[in-house]
Number of protein chains: 2
Amino acid sequence: MKNTPEKSKYHHGDLRTTLLHVAGEMLKESGIEEVSLRKLAARVGVSRTAPYHHFKDKNALLCGIAEAGFKQLHAMNNRSFNAEGRSTKEKFSLFIHEYVNFAKSNPDLYELMFGRTIWKQENSTQELRAAAYPCFQYQVTMTREWQKLKLLNHSGEDNALRASQVLWGTVHGIAKLLIDGIYTDVAHVEEICDYAVDMFLVH
Amino acid sequence: MKNTPEKSKYHHGDLRTTLLHVAGEMLKESGIEEVSLRKLAARVGVSRTAPYHHFKDKNALLCGIAEAGFKQLHAMNNRSFNAEGRSTKEKFSLFIHEYVNFAKSNPDLYELMFGRTIWKQENSTQELRAAAYPCFQYQVTMTREWQKLKLLNHSGEDNALRASQVLWGTVHGIAKLLIDGIYTDVAHVEEICDYAVDMFLVH
DNA sequence: AATCAATCTTGACACTGTCTAATTTAACCT
DNA sequence: AGGTTAAATTAGACAGTGTCAAGATTGATT
């Protein structure tokens, strides 16, 4: 029961968003290495070179997918940090669990978002950076709050940037080791996250 | 001034190790995406399909390179943990700095060693696992010692496996964010590592 | 000296990303 | 309305990739 006429049209009408959407599906289904422009075009029902009028590169397409991912991640972090009816410690714990579970639920998307493919050697699109950097910055903002509330174990002067780099490194590292298949026990994610929270909190 | 005769010979003699060696060079020079079997073969001076008599796959070749990397990393960790004339805290700090700097000095090798390419979907060779798992285990062993010495901040029961997963996650995450070009300030590695050490130690 | 297995080579196939030039359509401006 | 222009899409082509199959060459073994 499609509500679109589907008349055979030369101009697709909304190819750009369709490409992003279908490419996202392919990524979720079978991983990054199965996403090829040609298969994507075939699946959308368009010629191989059509995507090039909407994306400069395959890289630009990938940046577009990652861009949406960062917006999603940013929104999720926001929800964790501002969860109602929870103590600050609980919200800190929630952030860590949610972050790692985001990666666990969307392994290939996460891989793409943080992989060197789109970040190394000036590959990142301006739009991608515009979505990613605020997301990074938000981690610093959260960390600064946690430091003000004397939540985090440390000695010496507070430094929100450094602390957030360490915290972010930790969740990122745990996520990566999980989804790259190096931790064999994916079942114990929550326990690992709990232990991480415990190691960072002041006692 | 070569000391090998270099007579044109049909049989190379030691092609397997030569392939591993040259492939490692190519990896270091221009990154993983520039390592192709055909370019490798050309550089070694051999036909495109010759490598297939020594490695089942391109994947098997990559596993071979990573294998050597893990042995190197394992040896380095060992040196850090047993550094003479240093306090336990200093050795803990040394481990973190050395680990991250290993990744920083060999970004493409590290990327390969921990990338999903060789770990996902049963891609890992038995020889690779035989080199990597002891390396992983050693991190648990070190962590157990640090816990016994009451070095690490935490509450509740000690769990060496969980703690090492968190610690390893942290160094891995910091390393990854660095070499993937997501942290822009590669210059501040040591400061980040120092801050990580500070956050994990009991005060 | 003959045999055999290991080693290496050429040829071929199906993929990939991307460039160029031609074709079709929609939009816009008298 | 009609004609021009720009956007969107197309087929064709090229260089590159991993890898399979079948044949050629060699060193080692009997």
Side-chain angles (χ1 to χ4, degrees), chain A residues 4-23 26-27 30-66 108 112 115-118 120-123 125, chain B residues 4-23 26-27 30-66 108 112 115-118 120-123 125:
Chain A
T4 46
E6 291 280 346
K7 51 188 163 191
S8 78
K9 48 201 166 186
Y10 191 89
H11 283 69
H12 183 282
D14 200 7
L15 186 54
R16 199 194 133 93
T17 56
T18 306
L19 285 171
L20 277 177
H21 183 244
V22 175
M26 292 174 70
L27 182 69
S30 18
I32 182 76
E33 56 275 351
E34 287 299 311
V35 176
S36 88
L37 283 188
R38 297 170 102 107
K39 268 187 282 189
L40 171 61
R43 187 145 149 185
V44 172
V46 92
S47 89
R48 300 136 249 151
T49 52
Y52 282 88
H53 297 266
H54 301 273
F55 299 96
K56 174 181 158 281
D57 256 343
K58 178 180 188 181
N59 182 68
L61 208 200
L62 297 180
C63 283
I65 303 174
D108 295 286
L112 173 64
R116 74 173 0 186
T117 320
I118 57 176
K120 259 294 166 180
Q121 51 200 172
E122 304 295 337
N123 274 359
T125 314
Chain B
T4 46
E6 290 280 346
K7 51 186 161 190
S8 77
K9 48 199 166 185
Y10 192 87
H11 283 71
H12 183 282
D14 201 6
L15 185 53
R16 199 195 133 92
T17 56
T18 306
L19 285 172
L20 277 176
H21 182 244
V22 174
M26 292 174 71
L27 183 69
S30 18
I32 183 76
E33 57 274 353
E34 288 298 312
V35 176
S36 87
L37 283 188
R38 296 171 102 109
K39 268 187 282 190
L40 172 60
R43 185 142 149 188
V44 172
V46 94
S47 90
R48 302 135 248 152
T49 53
Y52 282 87
H53 294 91
H54 301 273
F55 299 96
K56 174 183 159 280
D57 258 338
K58 180 182 187 181
N59 182 69
L61 208 199
L62 296 180
C63 283
I65 302 174
D108 296 286
L112 173 64
R116 75 173 359 189
T117 320
I118 58 175
K120 260 293 167 182
Q121 51 198 175
E122 305 295 337
N123 274 358
T125 313

Interatomic distance, B/L15 CG vs D/dG27 P [rounded to whole Å]: 15 Å

With A/T17 via side chain to side chain contact (heavy atoms under 4.5 Å, CB included) - residues at least two apart: A/D14

pair A/L61-A/V35: side-chain heavy atoms closer than 4.5 Å: no

Salt bridge (Lys or Arg N to Asp or Glu O under 4.0 Å) partners of residues 52-66 of chain B, not counting sequence neighbours, each pair once: none

Spacing between A/R43 atom CZ and C/dT16 atom P, to the nearest angstrom: 14 Å

Side-chain N or O of B/H54 closer than 4.0 Å to phosphate OP1/OP2 of C/dC8: yes

Where protein sits on nucleotides 12-22 of chain D, one letter per nucleotide: B base, S sugar-phosphate only, - none, heavy atoms under 4.0 Å: BB---BBBB--

Presence of salt bridge, A/D108 and B/K120, under 4.0 angstrom: no

Whole-Å gap separating C1' (C/dT7) and CG (B/L19): 12 Å

Spacing of B/R16 atom CZ relative to C/dC8 atom P, expressed in whole Å: 13 Å

Pairs involving residues 39-48 of chain A, ordered by first then second residue, that meet salt bridge (Lys or Arg N to Asp or Glu O under 4.0 Å) (sequence neighbours left out): A/E25-A/R43, A/E29-A/R43, A/E34-A/K39

Any residue meeting side chain to side chain contact (heavy atoms under 4.5 Å, CB included) with B/I32, in chain and number order, not counting sequence neighbours: B/L27, B/L62, B/L112

